[in-house]
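Since the structure comes first, as C-alpha cells, the remarks are kept for the end.
These values consider heavy atoms only, across backbone and side chains, with no hydrogens, waters or symmetry-generated copies.
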Amino acid sequence: MGGGMIFENIVIAVKGLWANKLRSLLTLLGILIGVASVIAVVSIVQGFFFAVNNVFQDLGAGWVRITSYRPPGEEGEKLGRIRLTRADAEALVASGHEIRDVAPVMFGFETVKYGDRSVSTTVAGTAANYQEIVGFYAGSGRFFTGIDDSHRRKVCVMGWKVARDLDLPTDPVGTRITIGGEEFMVVGMMEERGELIGLSLDNFVFVPYGTTRSLFGEESEGNTFLEVAVSSPERLELARGQIINVLRRSHRLKPDQPDDFRIVAQEQIIGVVDKISGISTYVAAGVAGVALFVGGIGIMNIMLVSVTERTREIGVRKAVGARRVNILLQFLIEATVLTLVGGTLGVIIGIAVGKAAASVIPNFPSAHVPVWAIVAGLGVSAFVGVVFGVFPAARASRLDPIDALRYE
C-alpha cells in the first residue's frame with residue numbers, strides 16, 4: 001500500500017473523529033488520565049531520587065565510609081567494646097597503595113551559642129584532609145589545618161543554617177561563639193548545600209578532631225566513623241579487602257569472629273537509591289497500567305459502536321471500490337489517533353501536575369521528567385490504540401457491502 005493511500009486513510013479517520021467531537025473526547029479521557037498519572041508520579045519520584053543521587057555523586061566514585069558495627073546475637077556481644085579510632089585511620093593510610101587518604105570523624109550533639117541565641121546541632125570533629133576526601137569545601141574563610149588539630153585549637157568551620165539560626169554577622173569569619181560551654185572562633189563557612197525533603201544539609205559545625213576529643217571526652221570515640229579515599233574507583237574491591245584485613249588486625253579479631261565494622265561505598269548507596277527508585281516507578285506504572293487498560297476497553301467499545309453507526313458508510317465505501325484492508329486501516333488509525341492524542345495530552349498534563357505538586361510540597365526537590373517516561377507514555381498509548389482497535393477494525397472490514405447498504 002502506497003504512502004498516498006495511507007495518508008488518505010489518515011485524513012478519513014481524523015474527519016470521522018472530528019465529526020464526533022464529544023464522543024472522541026470522552027473516549028480519549030481514559031488514556032489521558034492513565035498517562036498523566038504515570039508521568040506525574042514518575043516525575044516526582046525521579047526528581048527526589050535525582051536530587052539524592054546528586055548528593056552522593058558529589059562524594060566521588062572513590063569514596064568509602066567505615067562505621068563501627070556490632071553484629072547481632074551472642075557473637076556480637078562477645079566482641080566487647082566496639083569503636084573506630086584515629087589509630088585505625090593511620091593504620092589504613094600506612095597499609096598500602098589502595099588507600100589514598102583517611103579522615104576520622106567524631107560527632108555529637110552540642111548547644112552552640114552566640115549572644116542571647118542558641119541552637120542544638122551536630123558538632124563533628126575531623127582532620128584537615130576531610131574536605132578533599134568528600135569533595136566538600138569551605139566556601140569562605142578557611143578549613144582548619146593540621147596545626148589546628150595537633151594543638152587542639154578552639155576553632156570551627158560552620159554550616160550556613162547554624163549561622164543563620166544564631167543570627168551571626170553577614171561575614172561570620174572571626175566571630176567568637178560558644179560550643180558546649182567553651183569559646184571557639186569561626187575561621188570558615190562551608191559551601192551552602194541547601195535542603196533535601198525538609199532536612200538541612202548545612203546544619204553542623206566542624207572542629208578539629210583533637211579538639212573534639214577534649215570537648216566530648218575519650219568515650220565519644222564510639223561515635224567515630226572513617227571517611228576513606230581509595231586510590232582509584234577501579235580498584236575499589238582491592239581497597240575493600242585491604243580495609244578488612246587492616247581493621248581486623250588492628251582490632252585483634254580472631255579468624256572465627258565477625259567484623260566489628262561496616263564498609264559503605266558510594267556505588268552501594270547509589271545502587272540502593274536506584275533500586276528503590278525503580279521499584280517506585282514500577283508501582284506507579286502498574287497503577288497507571290490499570291487506567292490505560294480501562295481506557296483501552298473504553299476505546300474498543302466506542303469503536304464497536306462507531307462501526308455499527310457507520311455500517312452504511314462502510315457499505316458505500318466498499319461499493320465504490322474500497323478494499324477490506326482500507327476499511328481495516330481506517331478504523332485502526334482512528335483508534336491509534338485517539339490514543340496518541342490522549343497520550344500526548346496526558347504527557348503535557350502529567351508534566352505540569354508533577355512540577356506543580358513538587359513545588360507545593362515544602363522543601364521537596366523539583367520534578368525531573370526522564371525522556372524514557374515521555375517515550376514510554378506515547379509508545380504505550382499507540383500500542384493500546386492498535387491492540388484495542390484491531391477487533392472493531394476487523395469487524396468493520398468483514399462487513400458484506402450488500403448487507404451494509406441495506407442496513408437501517
Side-chain angles (χ1 to χ4, degrees), residues 48 51-60 63 65 103-217 220 223-225 227 359 361-366:
F48 169 70
V52 173
N53 259 342
N54 282 344
V55 171
F56 291 106
Q57 290 283 4
D58 290 341
L59 294 172
W63 168 84
R65 174 174 289 179
V105 181
M106 185 193 302
F107 64 95
F109 294 94
E110 289 288 342
T111 299
V112 182
K113 294 183 178 181
Y114 174 70
D116 59 352
R117 299 179 73 94
S118 65
V119 295
S120 181
T121 189
T122 302
V123 176
T126 188
N129 58 349
Y130 171 85
Q131 55 180 354
E132 284 78 19
I133 292 175
V134 301
F136 181 35
Y137 299 90
S140 63
R142 66 174 179 87
F143 205 70
F144 41 78
T145 65
I147 295 176
D148 292 328
D149 189 5
S150 61
H151 286 71
R152 299 192 176 189
R153 289 176 178 168
K154 293 180 180 179
V155 294
C156 67
V157 183
M158 303 185 70
W160 280 100
K161 184 177 187 304
V162 180
R164 292 192 188 100
D165 290 345
L166 291 176
D167 197 20
L168 293 182
T170 305
D171 181 9
V173 175
T175 304
R176 294 191 176 275
I177 62 173
T178 301
I179 303 175
E182 298 185 27
E183 189 177 83
F184 283 73
M185 184 175 74
V186 179
V187 295
M189 298 294 299
M190 296 302 289
E191 298 170 327
E192 187 170 5
R193 294 189 294 179
E195 293 186 337
L196 184 63
I197 58 168
L199 298 176
S200 174
L201 302 177
D202 302 302
N203 190 16
F204 57 82
V205 177
F206 286 140
V207 299
Y209 187 82
T211 308
T212 318
R213 293 178 67 182
S214 63
L215 185 65
F216 293 156
S220 291
N223 291 337
T224 296
F225 57 87
E227 301 283 28
S359 65
I361 303 172
N363 302 316
F364 199 86
S366 59

Are any of the side-chain heavy atoms of Thr211 and Lys154 separated by less than 4.5 Å?
yes

Under the 6.0 Å and 45° cation-pi test, does Arg193 pair with Phe136?
yes

Are Phe144 and Val157 packed together at the side-chain level, in the sense that at least one heavy-atom pair is separated by less than 4.5 angstrom?
yes

Rounded to the nearest 0.5 angstrom, the CE-CZ distance for Met185 and Arg176 is 5.5 Å

Any chance you could measure Thr175, atom OG1, to Phe184, atom CZ, to the nearest 0.5 Å?
15.0 Å

Is there a side-chain contact (heavy atoms from CB on, under 4.5 Å) between Phe143 and Thr126 once you walk through the steps?
CA-CA 11 Å; Phe143 205 70; Thr126 188; 4.1 Å; yes

Under the side-chain contact (heavy atoms from CB on, under 4.5 Å) rule, what do Ile177 and Met158 come out as? Steps first, then yes or no, please.
CA-CA 11 Å; Ile177 62 173; Met158 303 185 70; 4.0 Å; yes

Go through the steps to decide whether Tyr137 and Glu132 satisfy the test side-chain contact (heavy atoms from CB on, under 4.5 Å), and finish with yes or no.
CA-CA 7 Å; Tyr137 299 90; Glu132 284 78 19; 4.2 Å; yes

Is a donor on one side and an acceptor on the other found under 3.5 Å between the side chain of Trp160 and the backbone of Met190?
yes

Close side-chain approach of Tyr209 to Thr224, heavy-atom, < 4.5 Å:
yes

Correct closest heavy-atom pair for Asp149 and Gly210 would be OD1-N, 2.7 Å

Mind checking whether Phe225 and Phe107 have parallel, tilted or perpendicular rings, split at 30° and 60°?
tilted

Please tell me if the side chains of Thr178 and Val112 come closer than 4.5 Å, counting only heavy atoms from C-beta onward.
no

Heavy-atom pair with the smallest gap, counting every atom of Gly159 and Met189:
O-CE, 3.9 Å

Measure across Ala127 and Ala103 and return the closest heavy-atom pair with its distance rounded to 0.1 Å.
CB-CB, 4.5 Å

Among Thr121, Thr212, Thr111, Leu215, side chain to side chain contact (heavy atoms under 4.5 Å, CB included) partner for Ile179:
Leu215

Which atom names give the shortest non-hydrogen contact between Gly141 and Val173, and what distance separates them?
CA-CG2, 4.0 Å

So, Asp148 and Arg153, do they make that salt bridge, N to O below 4.0 Å?
yes

Tested for side chain to side chain contact (heavy atoms under 4.5 Å, CB included) against Leu168, the lone hit among Thr170, Leu166, Asp165 is Leu166

For a side-chain contact (heavy atoms from CB on, under 4.5 Å) check, start with the C-alpha distance between Val162 and Asn203, then their side-chain angles and the critical distance, and finish with the verdict.
CA-CA 6 Å; Val162 180; Asn203 190 16; 3.4 Å; yes

Is there a side-chain contact between Met106 and Pro104, using heavy atoms and a 4.5 Å cut-off?
no

